[in-house]
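Values reported hereafter were calculated over all heavy atoms of this structure, with side chains retained and with hydrogens, waters and symmetry mates removed. First listed ligand is number 1; within each ligand, the first listed atom is number 1.
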Amino acid sequence: MSRLEDLTVREALALVLARFAVLPAEEVALLEALGRVSAAPVVAGDDLPPFANSAMDGYALRAADLAAATRDAPALLRVVADIAAGTNPTTAIGPGTAARIMTGAPLPPGADAVVPVEDTDEPWRDEARALPERVAVYRRVDAGAYVRWPGEDIRAGQTVIPAGHLIRPQEIGVLAALGQERVSVVRRPRIGVLSTGDELIDVGQPLSPGKIRNSNSHAQAAQVIALGGEPLLLGTAKDTADDVRARLDTAVAAQVDLLISSAGVSVGAYDVVKSVLDEAGGVAFWRVRMRPGKPLAFGAYRGMPYLGLPGNPVSALVSFETFARPAILKMSGHDQLERPRVVAVVGENLRSDGRESYLRAVVSREATGGYVARTTGSQGSHVLTSLVKANALLIVPEGVREVAAGTALVALMIDWPGGVF
Ligand SMILES: Nc1nc2c(c(=O)[nH]1)N[C@H]1C(S)=C(S)[C@@H](COP(=O)(O)OP(=O)(O)OC[C@H]3O[C@@H](n4cnc5c(N)ncnc54)[C@H](O)[C@@H]3O)O[C@H]1N2
Ligand code: MOO
Ligand SMILES: [Mg+2]
């Protein structure tokens with residue numbers, strides 16, 4: 001069913017998101033999983049730590065031997081072993097003895113506690129230290145002091161990472177600790193990126209009269225990559241239905257998960273994208289009550305979800321941000337589809353045309369702790385540098401035409417790490 005009246009951003013986004021589901025899983029090498037979403041639970045095969053070990057550089061001993069130890073009356077123990085990390089100690093610690101031990105080294109048999117070297121008479125600030133024959137310990141400790149027991153962090157059999165969980169550096173660390181060389185993650189979405197327009201020439205070509213360089217293909221491909229997707233560049237179509245169809249057909253053959261085009265979706269005599277979409281499979285909706293980005297078409301081309309972004313470079317980037325980004329994140333398995341929002345006080349008087357407006361702005365934190373938003377100059381939808389300077393999109397709600405300095409508005413923080421790349 002197609003909706004041809006102009007929708008609110010919220011209505012349009014709901015229709016877009018309803019069209020996408022989480023993609024199937026694939027197995028990837030450990031570091032390839034960074035920024036992806038787990039497709040299956042990860043169950044620990046081993047305990048972590050795998051063995052009892054020392055939390056300190058010091059002496060492994062029997063806590064009972066220190067029951068009366070003080071600085072004035074230290075316990076004197078015979079040193080019977082030196083245990084470096086990575087070794088496997090076999091000498092047992094009996095009453096009245098100790099082993100020098102390093103952080104991470106296995107606790108020797110017979111020992112039940114560790115005392116840090118600072119609490120002994122061993123000179124610990126020197127560079128090279130020979131193993132002493134005896135050590136004087138200045139304090140008592142409880143049994144178990146400074147010992148890290150097996151499984152304290154993870155127990156074998158425990159689910160450490162559930163399905164649907166974002167793989168960040170800390171998850172990579174856990175996976176490595178458990179010996180997982182490969183990880184099952186949601187596969188990357190493949191996104192066909194098409195530009196349309198007779199006026200467009202490639203980035204490497206010299207300008208000629210009436211022509212401009214195609215910036216949208218590159219900006220949208222970069223947006224796809226930044227979200228962890230794989231762009232398939234479909235080139236530049238002329239403003240003819242035939243050329244647009246021919247290029248979309250290559251993407252259909254390549255089985256992309258979403259087709260994105262820019263330009264040709266407004267009411268101009270040569271704006272052919274919407275009619276191509278109409279013939280091929282249908283327009284789910286056309287036009288959104290937002291600025292920039294009003295002439296947005298969403299639907300399907302030969303069964304493939306299709307998002308026709310407006311041609312103006314800022315409009316294309318903002319429309320992608322608003323609709324393609326959440327769709328790509330959803331397909332990738334993420335559950336956080338929104339940018340972080342802050343409430344910022346507007347630093348200047350603003351005007352709007354009554355549409356929900358996404359102003360390019362710099363949001364900064366004042367000494368007082370609050371956030372202030374200042375727009376980045378001309379807000380024309382051809383002024384790409386308004387986005388270059390911006391770290392946020394400041395939302396002026398629908399129906400508002402004037403915003404006085406000092407008013408609090410919501411800002412979407414587009415620079416903050418989305419956790420995805
Ligand atoms: N009579 C009306 N005219 C327009 C309306 C309207 O409501 N009534 N809406 C305006 C708005 S808002 C926008 S946004 C644009 C959308 O236009 P299209 O999506 O049809 O795109 P084009 O007309 O083909 O191009 C618009 C503009 O963008 C430049 N462009 C296009 N592709 C690229 C590219 N790949 N790289 C860089 N720049 C690109 C193109 O040269 C045009 O300047 O329509 C308004 N008009
Ligand atoms: O919607 Mo247009 O995107 O305002 O320039
Ligand atoms: Mg047009």
Check: Arg360 side chain, Gln379 main-chain N or O, donor-acceptor pair, under 3.5 Å: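 Yes.
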Is ligand 1 under 4.0 Å from a heavy atom in the side chain of [X], in the backbone, in both, or in neither?
X: Leu200; value: side chain
X: Pro295; value: side chain
X: Arg213; value: backbone

For atom 2 (Mo) of ligand 2, closest protein heavy-atom neighbour: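 Protein heavy atom with the smallest distance to atom 2 (Mo) of ligand 2: Ser315 OG, 3.5 Å.
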Closest non-hydrogen atom pair between Thr87 and Pro106, with its separation: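 In terms of heavy atoms, the two residues are closest at O-CG, 3.1 Å.
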Please determine if [X] and [Y] form a salt bridge, counting it only when a charged side-chain N lies under 4.0 Å from a carboxylate O.
X: Arg36; Y: Glu26; answer: yes
X: Lys211; Y: Asp198; answer: no
X: Asp82; Y: Arg100; answer: yes
X: Arg129; Y: Glu122; answer: yes

Closest to atom 17 (O) of ligand 1 among Pro292, Ser381, Ala263, Ser266 (heavy-atom distance):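 Looking at heavy atoms only, Ser266 sits closest to atom 17 (O) of ligand 1.
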Residue selection (non-hydrogen contact nearest atom 21 (O) of ligand 1) among Gly210, Gly264, Ser195, Ser319: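 The option holding the nearest heavy atom is Gly264.
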Check: Arg291 N/O within less than 3.5 Å of ligand 2 N/O: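 It does not: no N or O of Arg291 is found under 3.5 Å from an N or O of ligand 2.
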Heteroatom proximity flag, Gly293 to ligand 2, N/O under 3.5 Å: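 Gly293 vs ligand 2: N/O contact under 3.5 Å present.
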